[in-house]
Participant: 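Got a structure for you, written out below as structure tokens; questions coming shortly.
Every chain is numbered from 1 and lettered A, B, ... according to where its sequence line falls, protein lines coming before strand lines.
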2 protein chains.
Amino acid sequence: MSELISQAYERLRSQGGRMTNQRRLLLSILDSLGEHPTAEELLLIARKQDPDLNLSTVYRTLRWLEAENLVSARLFAEERRQERFDAVLPSEHHHFMCTNCKNVIEFDTELLVDIKSQFQDSSGASVSMGSIVLYGLCPSCRQGSVAQELDREVG
Amino acid sequence: MSELISQAYERLRSQGGRMTNQRRLLLSILDSLGEHPTAEELLLIARKQDPDLNLSTVYRTLRWLEAENLVSARLFAEERRQERFDAVLPSEHHHFMCTNCKNVIEFDTELLVDIKSQFQDSSGASVSMGSIVLYGLCPSCRQGSVAQELDREVG
DNA sequence: GCCCTTATTGCAAATCATTTGCAATAATTA
DNA sequence: TAATTATTGCAAATGATTTGCAATAAGGGC
């Protein structure tokens, strides 16, 4: 069983919480999904298994997981008000969002620690965490836009 | 006259737009304010000069400035749904938010370009922009929390 | 396995930042 | 100065997320 799911069981046990069918389903989706779904997207996926699942339950589950630090929520500039949720991996990771297709790619870098300490040193603040978001065109949309440009030139 | 304000005049002229008292007021505040106000905060400040100013006007002005790339809007993790607005400076800059007092400090770094090119090279995407947000305690809240800890130990 | 307690759910209504429709107002320009 | 129409203020709408509450169902004890 995955880290996420076993951790969730453990946290529930220690808090007197209950492992419901809804939570089990949402956890298994979050665990296997290689994406960063919105609450709504997660609901749609989950409803294939449990058509009565409610959006409130999705939100409550996500918020609980967030409080337990098993999931993190992020807002991207392209979708101002809609959060995307992400099972927290052991290592700190960052995001790239394609401004065209809105797909999110995770990435990792050792360079952020330098930025953190640079800022700590110059400001006197203590930095506990940080995140980077990059925007641009993903490889396939990049190809698409090159193709479009060619079309325009030819047409 | 500042860059922001003269730019705004220029854009309005070229679009057949009008420089109203409300816009002039909001621009002068945004221009001089060394902070990252929310729309509501901006309204409160502006109402000292024009008590009838409406929140819709503030939003419309901010969105127009954003579309003109003269102001940028950001969401921080600590305030999930409320945007903060920021007159765009000539150089790309990043943000630190104090998790205690919610104050925002801007900072600059040459290290992001390395992260961008690192990611571009490894992913095949083309990155057009990026932003870093750091969270932690600002110098004064840091002092406060040190003081608290001492209190706890002594008391 | 069945009962009891109460955590969790589904539903509908509430929130809250932001947006929009519209009639009234005020910048521009002729 | 008048005419045109961009912009405003107001109230109502929106849309993601949250919350109150009665109904349901985990999980512990019998």
Participant: Answer with yes or no whether the side chains of A/T109 and B/Q118 bring together a donor and an acceptor at under 3.5 Å.
Facilitator: yes

Participant: On DNA chain C, check which nucleotide each of B/R24 and B/R63 is closest to and give me the residue with the more 5' one.
Facilitator: B/R63

Participant: Using a 4.5 Å cut-off on heavy atoms from C-beta on, say whether the side chain of B/L70 contacts that of B/V88.
Facilitator: no

Participant: Atom CZ of A/R47 to atom P of C/dG10: distance rounded to whole Å?
Facilitator: 9 Å

Participant: Once side-chain hydrogen bond (donor to acceptor under 3.5 Å, both in side chains) is applied, do any residues pair with A/R81, and if so which ones, sequence neighbours excluded?
Facilitator: B/E83

Participant: Residues two or more places apart in sequence or in another chain: which of them pass salt bridge (Lys or Arg N to Asp or Glu O under 4.0 Å) with A/R60?
Facilitator: none

Participant: Rounded to whole angstroms, how far apart are CD on B/E66 and P on C/dA17?
Facilitator: 18 Å

Participant: Could you check whether B/L53 gets within reach of a base, just the sugar-phosphate, or nothing at all, counting any heavy atom under 4.0 Å?
Facilitator: sugar-phosphate

Participant: Would a hydrophobic clustering, with Ile, Leu, Val, Met, Phe, Trp and Tyr connected at side-chain separations under 4.5 Å, put A/L30 with A/L33?
Facilitator: yes

Participant: Keeping to residues at least two apart or across chains, list the salt bridge (charged side-chain N to carboxylate O under 4.0 Å, His left out) pairs with something in residues 18-43 of chain A.
Facilitator: A/E41-A/R84

Participant: Test A/F119 against B/I105 for side-chain contact (heavy atoms from CB on, under 4.5 Å), laying out the working first.
Facilitator: CA-CA 10 Å; A/F119 176 73; B/I105 303 174; 4.2 Å; yes

Participant: Can you identify which nucleotide, out of D/dG9, C/dT19, C/dT9, has its nearest atom closest to the A/T57 side chain?
Facilitator: C/dT9

Participant: Could you give the CG-to-C1' distance, from B/L42 to C/dA17, as a whole number of Å?
Facilitator: 15 Å

Participant: Tell me the interatomic distance from A/L55, atom CG, to C/dC11, atom P, rounded to whole angstroms.
Facilitator: 11 Å

Participant: For the pair made of CG in A/L43 and C1' in C/dC11, what is the distance, rounded to whole Å?
Facilitator: 14 Å

Participant: How far apart are the closest heavy atoms of B/T57 and B/L26, and which atoms are they?
Facilitator: O-CD1, 4.2 Å

Participant: If I take atom CD in residue B/E83 and atom P in nucleotide C/dT19, what distance separates them, rounded to the nearest angstrom?
Facilitator: 7 Å

Participant: Pull out every residue in residues 15-23 of chain A that has a heavy atom closer than 4.0 Å to any atom of DNA chain C, ordered by number, or say none.
Facilitator: A/G16, A/G17, A/R18, A/T20, A/Q22, A/R23

Participant: Taking any heavy-atom pair under 4.0 Å as a contact, classify B/E40: base, sugar-phosphate, or nothing.
Facilitator: nothing

Participant: Distance check needed: C/dC16 P versus B/R81 CZ, whole Å only.
Facilitator: 11 Å

Participant: What does the list of N/O pairs under 3.5 Å between the protein and nucleotides 11-13 of chain D look like, with a distance for each?
Facilitator:
from: D/dA11; atom 1: N6; to: B/S56; atom 2: OG; distance (Å): 3.4

Participant: Distance check needed: C/dT6 P versus A/L12 CG, whole Å only.
Facilitator: 18 Å

Participant: A/R13 side chain N/O closer than 4.0 Å to the phosphate oxygens (OP1, OP2) of D/dG27?
Facilitator: no

Participant: Just grab all the ring pair (Phe, Tyr, Trp, His ring centres under 6.0 Å) pairs involving residues 67-88 of chain A, residues at least two apart or on different chains.
Facilitator: A/F76-A/H95

Participant: Indicate, with a heavy-atom threshold strictly under 4.0 Å, whether B/R60 touches base, sugar-phosphate, or nothing.
Facilitator: base

